[in-house]
Amino acid sequence: MRLFLVFVITSLLLACSNSVGPETPDEMRVELKQDSLPGMLRVKPTNASVTLGTNAPLSLDREHPSMKVQIDYSFSIGRHEVTCGDFNAKMVPETGLKLECENDSLPATNLTYYDAVLYANEMSKAIGLDTAYTYTEVSFDDLHHCVGIEGFVFHPEVEAYRLPTEAEWMLVANKNWNTKKGWLAENSDYKLHKVCSLEKNANVPCDMVGNAMEWSNDWLGQFLDTTVVNYVGAPDGGSLGERVIKGGSYQTTQKNLFIFRRGDVYAVTSSTRAAYVGFRLGFGSIPEATWIDYKGSTIVSRALPLLNTASIRKFTKTYKMRLAFRNNISGNLSLLDYSSGVLYVKEIADTMPVYHPEISPDGRFVAFCTGLEGVSGKSEIYVRSLDIEDGSVVKLDVENAAIPRWRILENGDTVIVYVTDAGNNKENSTFAKMETWQVPFRKGSFRKPKKLFDGAYHGGISTDRRLAVTGARLLRARIAEQGSTVTGNARDTVWYGGEQACNVSLSQDSAKKTLFLDFGGKVGQEFVGESYRTHERILVADSTGKLIQSVAAPDGYTFDHAEWVRGRSDLAVATLSNSNGSHEKIVLVQMDDGKVVDLVEGDDLWHPNFWAYTPMNFSKFKVEPDSAGVYMKADDDVGAVLMRFNMELIWRYRDTANVVVVGSSRPLNSVSPWSLDREFFAVNLAQTPNSIYTSRDFLDLYVYRHFKKLKYIIISLDIDFWYKIDGPGGDNFFATRYADYPGYVYDMNHGYWESGYPEGLLEYTENYLTVSDEPNFVRDRGRLLGINCRSWGEDVEAEMDSTLYDNQQYLLDDNMAALEGIIKKAQEHDVNVVGVIFPQSPAFKKTGAFGRYGLRRSVAKKLIEKFEKLDEAYPNFKFMDENKMGDHDYPDGYAADTDHLCFLGATTMTRRINAVLKTFE
């Protein structure tokens with residue numbers, strides 16, 4: 001099954017045009033009329049449905065297949081986009097954000113999704129309503145744009161202002177879709193226009209076709225070939241945190257405008273801003289909202305992260321953290337990877353029930369059982385790989401096994417300790433018949449199990465093997481005699497005065513503290529000094545069974561499913577139960593001060609297990625821990641994510657690589673370091689968005705300074721976007737965005753380490769934020785894997801005006817000068833350069849454009865002639881024209897879209913580059 005991250009990246013790389021027009025709209029039974037809310041239209045569907053997506057053969061993955069959505073509730077939608085004047089009037093006093101616009105009647109654009117939802121909240125508060133969006137903390141950039149919201153939750157059940165869902169937007173747009181009426185590239189003069197007047201056609205929405213693209217409420221997820229009722233998108237943002245935007249803008253051509261489109265050329269995240277993206281308001285509650293997760297399952301119960309990685313790191317001192325738990329509504333295993341820059345809960349649908357999950361010491365596997373603590377009967381143990389490329393599940397082949405606990409033995413072997421029965425342990429005779437076993441787990445499979453001792457000690461065995469504990473009514477302990485271990489000469493005893501206890505967990509550190517919950521017993525109340533309810537306190541005993549600590553649950557809640565964080569005796573994880581008995585939160589408990597921090601919110605969440613990587617000793621490294629390797633942020637866009645992996649590749653292969661690939665998304669997924677001959681050890685540092693200025697600065701600042709064996713550079717010659725400029729307003733990461741990231745600033749302040757690589761920089765980079773599906777970036781040393789093969793497309797059109805350069809020849813001259821500068825600088829370093837024009841759809845020959853982003857074909861030929869002259873003038877430069885003005889020999893089966901090769905095309909492309917590399921002396 002293809003990986004979701006690849007699915008997202010592939011989608012953002014695909015072309016935006018094909019020969020298929022909008023599908024025939026569903027028969028709409030929808031009444032639109034003026035709302036009592038100013039500027040809003042009331043939408044009253046009657047047995048109405050709308051089709052999202054398309055079945056067009058060349059459509060993007062994110063738009064396929066078509067899915068029917070029934071909407072059985074009324075809602076309101078803005079007649080036009082929120083204006084710049086209205087936005088500033090509300091937000092300047094609240095956040096200090098003031099949008100720059102030529103006229104207050106223009107749509108408010110160049111704002112983040114978070115800016116839009118904060119505006120919606122302010123509108124709700126202004127009329128005395130609860131808000132549809134809640135959060136715990138917000139973060140702003142220097143211009144006061146909201147770029148992050150911690151604990152962000154959308155509440156569809158709340159009657160309030162919000163953004164329209166994709167389905168709502170489509171329902172209204174389908175009735176008013178006319179690509180000949182709207183501010184598009186053909187009539188807009190490539191700029192925003194005033195929103196429509198409320199006095200004209202007051203019952204008709206405007207500018208859904210053009211002017212500004214619009215944020216919708218939804219996370220971007222996949223569709224199902226089915227009918228869904230009251231659809232509200234994906235439950236979370238997946239590994240990239242991508243949002244849905246709808247409609248066209250002033251720079252969209254009629255031919256490239258389709259109602260089913262869901263995004264932009266690049267991935268759109270909650271913190272993305274664009275001058276052509278705005279929003280209109282929605283209003284109203286959504287009854288019985290339905291989400292579709294990334295497995296294609298419809299769900300009505302979400303588990304939502306409430307605290308980001310940076311906040312939790314304050315307690316754990318590491319970015320490498322994972323949380324596993326059971327979603328008791330679905331019965332499925334759920335996983336949350338805190339090492340990712342985008343937090344989302346991945347739910348894994350299995351046919352077997354999932355209880356008591358526990359993550360392995362290395363964080364690569366999760367073990368779980370099918371039976372419950374305190375309940376006798378059949379139970380099986382499974383281990384699931386957390387490797388996204390594997391995902392395999394193996395079963396322990398024994399008669400009965402419950403409550404898996406991972407251990408590392410003195411010889412380094414990893415084992416799972418389990419019990420044959422996790423039922424009620426009150427009766428001594430019954431408990432004596434239960435047994436504790438362990439089984440080695442090596443190379444993804446179980447080995448031969450071995451019995452340890454009688455009694456079901458599923459609360460854990462201490463690292464020194466001198467203590468084991470358990471609880472399923474009584475708090476029992478097995479204590480080793482002097483000079484022995486629990487598997488040898490040991491005695492069994494009962495702690496806590498024989499009172500009722502459960503959820504017993506033994507810390508896996510030298511402290512050997514036992515954590516448990518009780519039933520408000522006498523012993524606990526005497527220790528605490530006051531009465532309390534069942535499970536209202538977490539209690540802690542020392543290695544002798546003496547009570548030493550107690551933590552109270554927050555008001556209105558009780559604890560359940562308490563466990564130590566692995567390897568720690570200062571942090572615990574637990575669920576909070578409300579007055580109805582639902583476990584609505586997973587919390588982190590700081591035992592030293594009793595602070596309880598919300599991690600995840602849901603309808604009924606069970607059995608949390610929190611894994612935190614025990615970091616290496618970083619104290620030996622003489623770099624700044626808060627700056628070194630900090631090359632991305634939470635909720636970052638794909639461009640920053642790719643750059644972060646490029647930096648990891650630089651520090652990892654700086655002493656071994658002799659070939660470096662730079663450029664755009666075209667070489668990103670079609671130049672394979674793996675496929676080059678062994679004499680060429682390459683890393684692919686291409687990224688998107690890209691300009692030749694980014695490549696130039698990347699080479700100057702990092703590549704030449706650190707790749708000591710560098711002999712070859714491969715660079716993409718993307719002449720169809722040589723409209724890009726250097727400096728502000730361009731796509732040069734090092735001229736526009738580097739200052740937003742402490743890692744790059746830290747490098748800059750140290751001269752980009754020209755005097756020598758500082759030990760620890762790679763380790764800090766690896767241990768900072770990443771994305772969950774990182775192997776796709778690094779397994780071929782930077783090439784993006786898994787790009788599927790489709791077609792070049794027969795009906796193509798340039799997305800930029802091909803006449804752009806007619807009066808701006810300096811754009812081409814500046815880009816050409818940058819290229820020649822790169823060649824000269826390489827020559828100084830005794831480095832050879834291969835410049836490649838990558839193939840695009842042959843159908844562009846039928847147009848006046850060279851490729852996807854325009855450029856007159858006559859101008860392109862002149863540029864190619866200049867490349868050929870550079871080839872003649874510089875012995876260290878070879879020019880490869882793999883497009884040949886559309887007359888190339890890369891067939892349809894080698895294409896991912898109109899201007900990218902798929903994995904089959906990558907093989908041919910890399911083989912040809914390999915041949916050119918061999919021609920250098």
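None of these values were measured; they are calculated from a predicted model.
- When every heavy atom of L333 is checked against every heavy atom of A324, the shortest pair comes out as CD1-CB, 4.3 Å.
- Looking at heavy atoms from C-beta onward, I71 lies in side-chain contact with Y73 at the 4.5 angstrom threshold.
- For the atom pair CG (L106) and CG (L99), the distance works out to 11.0 Å, reported to the nearest 0.5 Å.
- Within the structure, every pair that satisfies the salt bridge (Lys or Arg N to Asp or Glu O under 4.0 Å) test and touches residues 162-171, not counting sequence neighbours, is listed here: R162-E168, E166-K246, E166-R262.
- L97 has its side chain within reach of H145: a pair of non-hydrogen atoms, C-beta onward, lies under 4.5 Å apart.
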For a side chain to side chain donor-acceptor pair (under 3.5 Å) check, start with the C-alpha distance between H80 and D207, then their side-chain angles and the critical distance, and finish with the verdict. CA-CA 6 Å; H80 54 68; D207 287 345; over 6 Å; no
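- Considering CG of L129 and OH of Y161, their distance stands at 8.5 Å, rounded to 0.5 Å.
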Go through the steps for T290 and V232 under the test side-chain contact (heavy atoms from CB on, under 4.5 Å), then give the verdict. CA-CA 6 Å; T290 301; V232 291; 5.9 Å; no
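- Checking S270 against R243 by side-chain atom types alone, a donor-acceptor pair falls below 3.5 Å.
- Across every non-hydrogen atom of P205 and V172, the tightest pair is CG-CG1, 3.5 Å.
- Side-chain atoms of T136 come within 3.5 Å of backbone N or O of E150 as a donor-acceptor pair.
- Interatomic distance, NZ of K346 versus CG of N332, reported as 12.5 Å (0.5 Å rounding).
- Of the possible donor and acceptor atoms, none in the side chain of S188 sits under 3.5 Å from a partner among the backbone N and O of W183.
- The main-chain N or O of Y338 is found under 3.5 Å from a side-chain atom of T309 such that the two form a donor-acceptor pair.
- The minimum heavy-atom distance linking I292 with P235 is given by the pair O-CD, 3.4 Å.
- Interatomic distance, CG of L336 versus CG of L323, reported as 6.0 Å (0.5 Å rounding).
- Looking at N230, its side chain does come within 3.5 Å of a backbone N or O of P287 through a donor-acceptor pair.
- Residues satisfying the ring-ring contact (aromatic ring centres under 6.0 Å, His included) criterion with Y853, sequence neighbours excluded, are F721.
- Within the 3.5 Å criterion, the main-chain N or O of A120 finds a donor-acceptor partner in the side chain of S124.
- Counting only heavy atoms from C-beta outward, the side chains of L163 and Y113 approach each other to under 4.5 Å.
- Residues satisfying the side chain to side chain donor-acceptor pair (under 3.5 Å) test with Y135, not counting sequence neighbours, are none.
- Judged by distance alone, with hydrogens and angles left aside, the side-chain atoms of W215 form no donor-acceptor pair with the main-chain N or O of P164 at under 3.5 Å.
- Residues L306 and L599 have side chains not in contact (no heavy-atom distance under 4.5 Å, counting atoms from C-beta outward).
- Taking both residues in full, the closest heavy atoms of P107 and V195 are given as CG-CG1, 4.0 Å, listed atom of the first, atom of the second, then distance.
- Looking at L118 and Y133, their side chains never come closer than 4.5 Å, going by heavy atoms from C-beta outward.
- Listed here is the closest heavy atom pair of L184 and S249: CD2-O, 3.6 Å.
- Distance check: L52 CG to L224 CG gives 11.0 Å after rounding to the nearest 0.5 Å.
- With a 4.5 Å cut-off on side-chain heavy atoms, T575 and K585 do not count as touching.
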Could you go step by step and tell me if F75 and F283 meet the ring pair (Phe, Tyr, Trp, His ring centres under 6.0 Å) rule? CA-CA 6 Å; F75 61 95; F283 182 91; over 10 Å; no
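- With hydrogens and angles left out, the side-chain atoms of T165 and N217 include no donor and acceptor closer than 3.5 Å.
- A donor-acceptor contact shorter than 3.5 Å links the side chain of D897 to the backbone of H900.
- Remark: K633 pairs with no residue by the side chain to side chain donor-acceptor pair (under 3.5 Å) rule, at least two apart or across chains.
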Residues N211, H193; criterion side chain to side chain donor-acceptor pair (under 3.5 Å); working and verdict: CA-CA 6 Å; N211 213 8; H193 290 257; 5.8 Å; no
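- Here salt bridge (Lys or Arg N to Asp or Glu O under 4.0 Å) pairs that include residues 118-139, with residues two or more places apart or in two chains, are E122-K125.
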Where do L281 and V82 land on the side-chain contact (heavy atoms from CB on, under 4.5 Å) test, with the steps shown first? CA-CA 7 Å; L281 286 172; V82 171; 3.9 Å; yes
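- For the residue pair T51 and M170, the shortest heavy atom distance occurs at O-CE, 3.3 Å.
- Between Y119 and F279, the ring centre distance stays below 6.0 Å.
- For the atom pair CG of L304 and CG of L343, the computed distance is 11.5 Å after rounding to the nearest 0.5 Å.
- Remark: the T134 side chain and the H155 side chain contain an N/O donor-acceptor pair separated by less than 3.5 Å.
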Using the side chain to side chain donor-acceptor pair (under 3.5 Å) rule, take S330 and E347 through it: C-alpha gap first, then chi angles, then the decisive distance, then the call. CA-CA 9 Å; S330 65; E347 185 167 320; 2.5 Å; yes
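- No side-chain donor-acceptor contact under 3.5 Å links N580 to the backbone of S582.
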Under the side chain to side chain donor-acceptor pair (under 3.5 Å) criterion, do N55 and S66 qualify, and how do the steps go? CA-CA 6 Å; N55 290 322; S66 64; 2.9 Å; yes
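- Within a 6.0 Å sphere centred on CG of N578, heavy atoms belonging to other residues, nucleotides or ligands number more than 12.
- Between L111 and F87 there is a side-chain heavy-atom pair separated by less than 4.5 Å.
- The ring-ring contact (aromatic ring centres under 6.0 Å, His included) check on F223 picks up nothing, with sequence neighbours excluded.
- Here the side chain of R326 pairs no donor or acceptor atom with the backbone of L605 at under 3.5 angstrom.
- Residues R384 and I348 meet the side-chain proximity criterion, which asks for heavy atoms closer than 4.5 Å.
- Between the side chains of S76 and R42, at least one donor N or O lies within less than 3.5 Å of an accepting N or O.
- In this structure, E214 pairs ionically with R280, as a charged nitrogen and a carboxylate oxygen lie closer than 4.0 Å.
- The main-chain N or O of T112 is found under 3.5 Å from a side-chain atom of D115 such that the two form a donor-acceptor pair.
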